[in-house]
> 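So that we are looking at the same thing, I have put the structure below in structure tokens.
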Amino acid sequence: MKILLKDALSTQRLGIILGETLTANTVILLEGDLGAGKTTLVQGIGKGLSINEPIVSPTFTIINEYTHARIPLYHLDLYRLETPEIIALNLETYWEGIEVSPGIVAIEWSQKLLYKPDAYLTIRLTKANENLYLEEANSAVRFAEIIPCNSTLSEKILALDISKK
């Protein structure tokens, strides 16, 4: 499923719908270049979960936990890590809910993972073709491609039209 995101607000709206719709034990593997909107999407997920504190990129902290919400949100960023460091994090404790309460696990730069959970959603954020005509000049047009793996998408997500929200 591919969704046109006309601007950062559209990216955040997608996140809000995901946050309102997804359940605990959902893992989201985020892919995209620097500035593609991965953190903006997670900020929207946080709003959809009714998280009131600011959601910031965990580039330097690696993992940010937001537990005061409808369900917890675990936001991870693997950008600065090498393989041994990623292995040492024991990330399966997050998606299996072993040492933490089950929640939504959003992992930026997930392509660096050596192992993945049994079920997950990959969300790939990419820049739109420069020839795509838009009324707004200089807008940050993106596509979000949502690819479920052993996971199903709710009807609300399948019926998404971000531009009308």
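Throughout, residue positions are numbered sequentially from 1 according to the sequence presented.
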> Verify, without hydrogens or angle tests, whether Arg70 (side chain) and Gly19 (backbone) share a donor-acceptor contact under 3.5 angstrom.
yes
> When rounded to the nearest 0.5 angstrom, what distance separates CD1 in Ile3 from CZ in Arg13?
13.0 Å
> Kindly indicate, with the supporting measurements, whether the criterion side-chain contact (heavy atoms from CB on, under 4.5 Å) is fulfilled by Val42 and Lys38.
CA-CA 6 Å; Val42 176; Lys38 296 179 295 294; 5.8 Å; no
> Quick one: side-chain contact (heavy atoms from CB on, under 4.5 Å) partners of Thr23, sequence neighbours excluded?
Thr26
> So do Thr40 and Leu125 actually touch side chain to side chain, heavy atoms under 4.5 Å?
no
> Can you check side-chain hydrogen bond (donor to acceptor under 3.5 Å, both in side chains) on Glu65 and His75, steps first, answer last?
CA-CA 6 Å; Glu65 298 181 357; His75 185 194; over 6 Å; no
> Which ILVMFWY residues can you reach from Leu89 by hopping between side chains whose heavy atoms are under 4.5 Å apart?
Val27, Leu29, Leu34, Ile62, Ile63, Tyr74, Leu76, Leu78, Tyr79, Leu81, Ile86, Ile87, Leu91, Tyr94, Trp95, Val100, Val105, Ile107, Trp109, Leu113, Leu114, Tyr115, Tyr120
> State yes or no: do Ile45 and Ile51 share one hydrophobic cluster built from I, L, V, M, F, W and Y residues joined by side-chain heavy-atom distances below 4.5 Å, directly or via other members?
yes
> Considering non-hydrogen atoms only, spot the tightest contact between Ser57 and Thr39 and give its length.
CB-OG1, 3.8 Å
> Starting from the C-alpha separation in whole Å, work towards a yes-or-no answer on side-chain contact (heavy atoms from CB on, under 4.5 Å) for Thr59 and Arg80.
CA-CA 7 Å; Thr59 300; Arg80 297 187 178 282; 3.1 Å; yes
> List, by chain and number, the other hydrophobic cluster members for Ile98, where Ile, Leu, Val, Met, Phe, Trp and Tyr join if side-chain heavy atoms come within less than 4.5 Å, directly or indirectly.
none
> Do Ile55 and Leu49 sit in the same hydrophobic cluster, where Ile, Leu, Val, Met, Phe, Trp and Tyr count as joined when their side-chain heavy atoms come under 4.5 Å apart?
yes
> Hey, does the side chain of Arg142 reach the backbone of Ala36 with a donor-acceptor pair shorter than 3.5 angstrom?
yes
> Glu85 side chain to Glu82 main-chain N or O, any donor-acceptor pair under 3.5 Å?
yes
> When rounded to the nearest 0.5 angstrom, what distance separates OG in Ser50 from NE2 in His68?
14.0 Å
> If we ignore hydrogens and angles and just use 3.5 Å, is the side chain of Asn150 paired with the main-chain N or O of Asp118 as donor and acceptor?
yes
> Nearest 0.5 Å, what's the CD1-CG distance between Ile28 and Leu22?
5.0 Å
> Is a side-chain donor-acceptor pair under 3.5 Å present for Asp7 with Ser10?
yes
> Hydrophobic clustering (ILVMFWY, side-chain heavy atoms < 4.5 Å, transitive) - are Leu30 and Val56 grouped together?
yes
> Using distance alone, with no hydrogens and no angle criterion, decide if Glu31 and Thr122 have a side-chain donor and acceptor under 3.5 Å apart.
no
> Do you know the tightest heavy-atom contact between Ile71 and Ala24?
CD1-N, 3.4 Å
> Counting C-beta onward and ignoring hydrogens, is there a side-chain heavy-atom pair between Asn90 and Glu92 closer than 4.5 Å?
yes
> Membership question, hydrophobic clusters at under 4.5 Å side-chain separation (ILVMFWY): are Leu121 and Leu73 in the same one?
yes
> Identify the two heavy atoms, one from Pro72 and one from Pro102, that lie closest to each other, and give their separation to 0.1 Å.
CD-O, 3.3 Å
> Would you sort out whether Glu145 and Thr126 count as a side-chain hydrogen bond (donor to acceptor under 3.5 Å, both in side chains), showing the intermediate values?
CA-CA 8 Å; Glu145 186 176 8; Thr126 56; over 6 Å; no
> Find out if a path of hydrophobic residues (ILVMFWY) with successive side-chain heavy-atom gaps under 4.5 Å connects Val141 to Phe143.
yes
> So Gln12 and Leu41, do their side chains get closer than 4.5 Å, heavy atoms only?
no
